[in-house]
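One structure is given below, encoded as structure tokens.
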Amino acid sequence: MMMLVKSLLSKNVPYARPRFFCASPSVLKTGDIIRQTRVFTNEDVIEYSKVSHDLNRLHFDAEFARKAGFEDRIVHGLLVAALFPTIIAAHFPGAVYVSQSLHFKSPVFIGDEIIGEVQVTNIKEYRTRFMAKFSTKCLKNGEVLVVGGDAVTILPTLAMNKAMD
């Protein structure tokens, strides 16, 4: 098994730029929702494992994952949750992530379409910046909650950059 993991981790995989989908206003306000859709690939799991050193067999061995009660290999939960800072940073360059709570509700499998969503629940002026609290969630196939939580960030401005495809 370890040889399989090392083999998978040694592959050089080109970086695929995530695609952003957003129908959002130009100035952030309480209640606004920003979304990004992403499908996690085998290459994403391999690359995340290289950086995190998380070699849990649930991510690499389908038979092991099935014996543990899953349908197939699962995507790292923190890789899925990384959608939240990605969404925020795409729209607010220079944003500082202060905190994130996470609740993992359901597994994500390679190939699942995941919608990451951040919704503003509170904004306060903080010196020359803004402290923003977000409700965060990821949905599998647009309906199954897989990760939920809350994030707090410091934003340099409330003017939103339009994320590019």
Side-chain angles (χ1 to χ4, degrees), residues 1-24 32-93 95-121 132-153 161-165:
M1 170 61 197
M2 191 52 96
M3 191 167 213
L4 170 65
V5 170
K6 286 182 181 178
S7 171
L8 288 171
L9 292 178
S10 67
K11 292 184 179 179
N12 190 6
V13 180
Y15 173 73
R17 196 175 95 195
R19 297 185 61 202
F20 298 91
F21 303 93
C22 180
S24 56
D32 285 346
I33 297 173
I34 310 170
R35 294 181 181 92
Q36 177 187 335
T37 301
R38 175 142 184 213
V39 175
F40 290 95
T41 66
N42 183 58
E43 290 76 20
D44 294 327
V45 170
I46 292 168
E47 289 301 307
Y48 183 80
S49 292
K50 287 180 183 179
V51 173
S52 68
H53 301 278
D54 181 347
L55 303 177
N56 188 324
R57 289 177 62 189
L58 292 170
H59 308 300
F60 296 100
D61 185 334
E63 184 178 332
F64 183 83
R66 281 191 283 281
K67 285 180 181 176
F70 298 101
E71 295 173 24
D72 205 344
R73 297 171 27 208
I74 60 174
V75 177
H76 299 80
L78 289 177
L79 175 56
V80 176
L83 280 170
F84 306 136
T86 300
I87 293 167
I88 293 167
H91 294 284
F92 302 96
V96 176
Y97 228 73
V98 175
S99 67
Q100 173 76 59
S101 67
L102 296 170
H103 305 282
F104 298 98
K105 303 289 189 178
S106 185
V108 172
F109 303 105
I110 293 169
D112 284 342
E113 181 180 86
I114 303 299
I115 299 171
E117 180 178 290
V118 298
Q119 181 173 17
V120 182
T121 58
K133 185 173 181 181
F134 295 90
S135 171
T136 58
K137 64 183 173 181
C138 285
L139 302 168
K140 181 173 19 179
N141 302 321
E143 58 186 44
V144 178
L145 179 66
V146 295
V147 181
D150 294 292
V152 176
T153 64
N161 275 5
K162 297 293 182 187
M164 304 170 107
D165 284 338

Where [X] and [Y] come nearest, the two heavy atoms and their spacing:
| X | Y | value |
| --- | --- | --- |
| F60 | L55 | CE1-CA, 4.0 Å |
| I87 | H91 | O-CD2, 3.1 Å |
| V146 | P107 | CG1-O, 4.1 Å |
| L145 | S106 | O-CB, 3.6 Å |
| F134 | V118 | CD2-CB, 3.9 Å |
| C138 | G116 | SG-CA, 4.0 Å |

Checklist entry - Given side chains that start at C-beta, do those of T153 and F92 come closer than 4.5 Å, heavy atoms only? => result no
Next on the checklist: Measuring only between side-chain heavy atoms, which start at C-beta, is Y48 closer than 4.5 Å to V80?
Outcome noted: no
Item to check | Set of side chain to side chain donor-acceptor pair (under 3.5 Å) partners for H76, sequence neighbours left out | outcome: S49
Checklist outcome for this item: Residues passing the side chain to side chain donor-acceptor pair (under 3.5 Å) test with Q100, sequence neighbours excluded, are Y97, T136
Item to check | Of all pairs that satisfy salt bridge (Lys or Arg N to Asp or Glu O under 4.0 Å), the ones with a partner from residues 62-72, not counting sequence neighbours | outcome: E63-K67, R66-D72
Checklist entry - Which residue pairs pass the salt bridge (Lys or Arg N to Asp or Glu O under 4.0 Å) test with at least one member in residues 133-143, sequence neighbours excluded? => result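 Counting only pairs at least two positions apart or across chains, the salt bridge (Lys or Arg N to Asp or Glu O under 4.0 Å) contacts touching residues 133-143 are D112-K140, E117-K137.
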First locate atom [atom1] of [X], then atom [atom2] of [Y], and finally report the distance between them rounded to the nearest 0.5 Å.
| X | Y | atom1 | atom2 | value |
| --- | --- | --- | --- | --- |
| T41 | I46 | OG1 | CD1 | 8.0 Å |
| E47 | S52 | CD | OG | 11.0 Å |
| D44 | R38 | CG | CZ | 4.0 Å |
| H59 | N42 | NE2 | CG | 12.5 Å |

Checklist entry - Given the rule in the side-chain contact (heavy atoms from CB on, under 4.5 Å) test, do L78 and L102 qualify, once you have shown the distances and angles that lead to the verdict? => result CA-CA 9 Å; L78 289 177; L102 296 170; 3.6 Å; yes
Next on the checklist: I'd like to check the side-chain contact (heavy atoms from CB on, under 4.5 Å) partners of S101; sequence neighbours left out, ordered by chain and number.
Outcome noted: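 Residues passing side-chain contact (heavy atoms from CB on, under 4.5 Å) with S101: H103, D150.
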Next on the checklist: Among residues at least two apart in sequence or on other chains, which ones pass side-chain contact (heavy atoms from CB on, under 4.5 Å) with L58?
Outcome noted: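 Here the qualifying residues are N56, F64, A65, A68, F70, I74.
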Next on the checklist: L83 and side chain to side chain contact (heavy atoms under 4.5 Å, CB included): which single residue from I88, I114, I115, T37 fits?
Outcome noted: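 Among I88, I114, I115, T37, the one meeting side chain to side chain contact (heavy atoms under 4.5 Å, CB included) with L83 is I114.
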